[in-house]
Amino acid sequence: MGVNATVEFCPVLLAELKAEARGVALARRAGMDPAAGAALTQVVLDGMPPPSGAVVSGFWPMGQEIDIRPLLHALHGRGHAIALPVTPKRGQPLHFRRWRPGDELARGPLGTRQPAPEAEALTPDWLLVPLLAFDRAGRRLGYGGGYYDRTLAALPGAVAIGCAHAAQELDEVPAGPDDARLTAIATEAELIIPKG
């Protein structure tokens with residue numbers, strides 16, 4: 001029986017499998033060069049640029065996350081409104097506020113950086129999503145809070161592109177019925193479009 005067939009019936013097993021996968025992903029990401037984000041920028045702009053007028057949400061990288069700030073600057077330069085997430089209370093979807101290059105960011109929960117409360121609220125239709133691990137089926141492993149799963153469920157027509165180092169790929173990411181799938185995954189090496 002495959003992982004995905006099992007997890008629907010056993011949330012405890014799913015949690016254990018995800019914890020194990022997070023450990024593997026963190027070890028793979030350790031020592032990766034965050035500056036690989038410059039190559040990821042070209043991969044996205046060449047392979048899946050957002051349509052004109054799309055409101056794009058990104059994220060401010062933490063620790064060893066791939067640095068997507070070059071992509072955010074490039075998309076801003078192309079005329080896209082850029083939003084960054086604001087982390088709400090646990091159990092809620094993310095909110096988004098406008099960001100422009102040079103804007104000061106406030107400290108958010110869990111070490112995040114987010115736009116100040118007075119920044120304009122935006123609803124993205126094209127999201128750049130952080131992750132710990134991904135697979136070629138579009139499954140994503142996050143940090144365990146479920147924020148992006150709830151957010152993507154609330155934005156059913158949105159395009160969601162996971163952003164990661166190529167080394168963060170796993171053969172299969174453990175996932176349950178509430179785990180949102182990605183439209184695509186961008187790494188410094190390639191753009192992956194899940195099949196099916």
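Heavy atoms only: backbone and side chains are in, while hydrogens, waters and symmetry mates are out.
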Checklist entry - In Å, rounded to the nearest 0.5 Å, how long is the span from CG of L75 to CD1 of I82? => result 5.0 Å
Checklist outcome for this item: Separation between CG (L17) and CZ (R22), nearest 0.5 Å, reads 11.0 Å
Item to check | H165 side chain vs R29 backbone, donor-acceptor pair below 3.5 Å | outcome: no
Item to check | Close side-chain approach of L40 to D67, heavy-atom, < 4.5 Å | outcome: no
Next on the checklist: To the nearest 0.5 Å, what is the distance between CG on L182 and OH on Y148?
Outcome noted: 11.0 Å
Item to check | Pairwise side-chain contact, V24 with L170, heavy-atom cut-off 4.5 Å (strictly under) | outcome: yes
Checklist entry - Of all residues at least two apart in sequence or in a different chain, which pass the ring pair (Phe, Tyr, Trp, His ring centres under 6.0 Å) check with H95? => result none
Checklist entry - Which residues pass the side chain to side chain contact (heavy atoms under 4.5 Å, CB included) test with D33, sequence neighbours left out? => result A35
Item to check | R97: side chain to side chain contact (heavy atoms under 4.5 Å, CB included) partners, not counting sequence neighbours | outcome: V86, P115, P117, A119
Checklist entry - Taking only residues two or more places apart in sequence or in another chain, which ones pass side chain to side chain contact (heavy atoms under 4.5 Å, CB included) with T41? => result L45, P70, L71, A74
Checklist entry - Considering all heavy atoms of both residues, which atom of V56 and which atom of P124 are nearest to each other, and what is their separation? => result C-CB, 4.5 Å
Item to check | Common cluster, V55/M48, ILVMFWY with side-chain heavy-atom separation under 4.5 Å | outcome: no
Next on the checklist: With heavy-atom distances below 4.5 Å as the criterion, would you say the side chains of I161 and I185 are in contact?
Outcome noted: no
Checklist entry - With side chains defined as the heavy atoms from C-beta onward, is the minimum distance between T151 and V129 less than 4.5 Å? => result no
Next on the checklist: With a 3.5 Å distance limit and no angle check, can you tell me whether E188 reaches the backbone of A166 through a side-chain donor-acceptor pair?
Outcome noted: yes
Next on the checklist: For W126, give me all partners under ring pair (Phe, Tyr, Trp, His ring centres under 6.0 Å), at least two apart in sequence or on another chain.
Outcome noted: none
Item to check | Side chains of R140 and D135 in contact at under 4.5 Å (non-hydrogen atoms) | outcome: no
Item to check | L131 CG to L128 CG distance, which is reported to the nearest 0.5 Å | outcome: 11.0 Å
Next on the checklist: How about CD on E190, more than 12 heavy atoms from neighbouring residues, nucleotides or ligands closer than 6.0 Å, or not?
Outcome noted: yes
Next on the checklist: If you define the side chain from C-beta out and look only at heavy atoms, does anything of L152 sit under 4.5 Å from L127?
Outcome noted: yes
Checklist entry - Given the side-chain rings of W99 and H73, with only the six-membered ring counted for Trp, is the space between their centroids under 6.0 Å? => result yes
Checklist entry - Ignoring hydrogens and geometry, is there a side-chain-to-backbone donor-acceptor pair from D103 to R100 under 3.5 Å? => result yes
Checklist entry - Under a 4.0 Å N-O cut-off, is there an ion pair linking K18 with D179? => result yes
Checklist entry - Is there a path of hydrophobic side-chain contacts, each under 4.5 Å between heavy atoms of I, L, V, M, F, W or Y residues, that connects L72 with M62? => result no
Checklist entry - For Y143, which fellow cluster members are found when Ile, Leu, Val, Met, Phe, Trp and Tyr are connected by side-chain heavy-atom distances below 4.5 angstrom, either directly or through intermediates? => result L26, L132
Checklist outcome for this item: So CD of Q168 and CD of E65: to nearest 0.5 Å the spacing works out to 8.0 Å
Next on the checklist: Is the shortest side-chain heavy-atom distance between R139 and P194 below 4.5 Å?
Outcome noted: no
Item to check | Q114 versus T87, closest heavy-atom pair with distance | outcome: OE1-N, 3.3 Å
Checklist entry - Does I68 belong to the same Ile/Leu/Val/Met/Phe/Trp/Tyr cluster as M32, with side-chain heavy atoms less than 4.5 Å apart forming each link? => result no
Item to check | Minimum heavy-atom distance L122-A83, with the two atoms named | outcome: CD1-CB, 4.0 Å
Next on the checklist: For a quick test of reading the model, state the closest non-hydrogen atom pair linking A158 to T183 and the distance between them.
Outcome noted: O-OG1, 4.2 Å
Checklist entry - Out of curiosity, L84 CG to S57 OG, how far, rounded to the nearest 0.5 Å? => result 8.0 Å
Checklist entry - Would you call F134 and T187 a side-chain contact if the rule is heavy atoms closer than 4.5 Å? => result yes
Checklist entry - Any idea which heavy atoms bring A21 and L141 closest together, and the distance? => result CB-CD2, 3.6 Å
Next on the checklist: Between D125 and L155, does the side chain to side chain contact (heavy atoms under 4.5 Å, CB included) criterion hold? Intermediate values first, please.
Outcome noted: CA-CA 8 Å; D125 42 29; L155 299 170; over 6 Å; no
Checklist entry - Does NZ or CZ of R150 lie under 6.0 Å from the centre of the six-membered ring of Y147, at an angle within 45° of the ring axis? => result yes
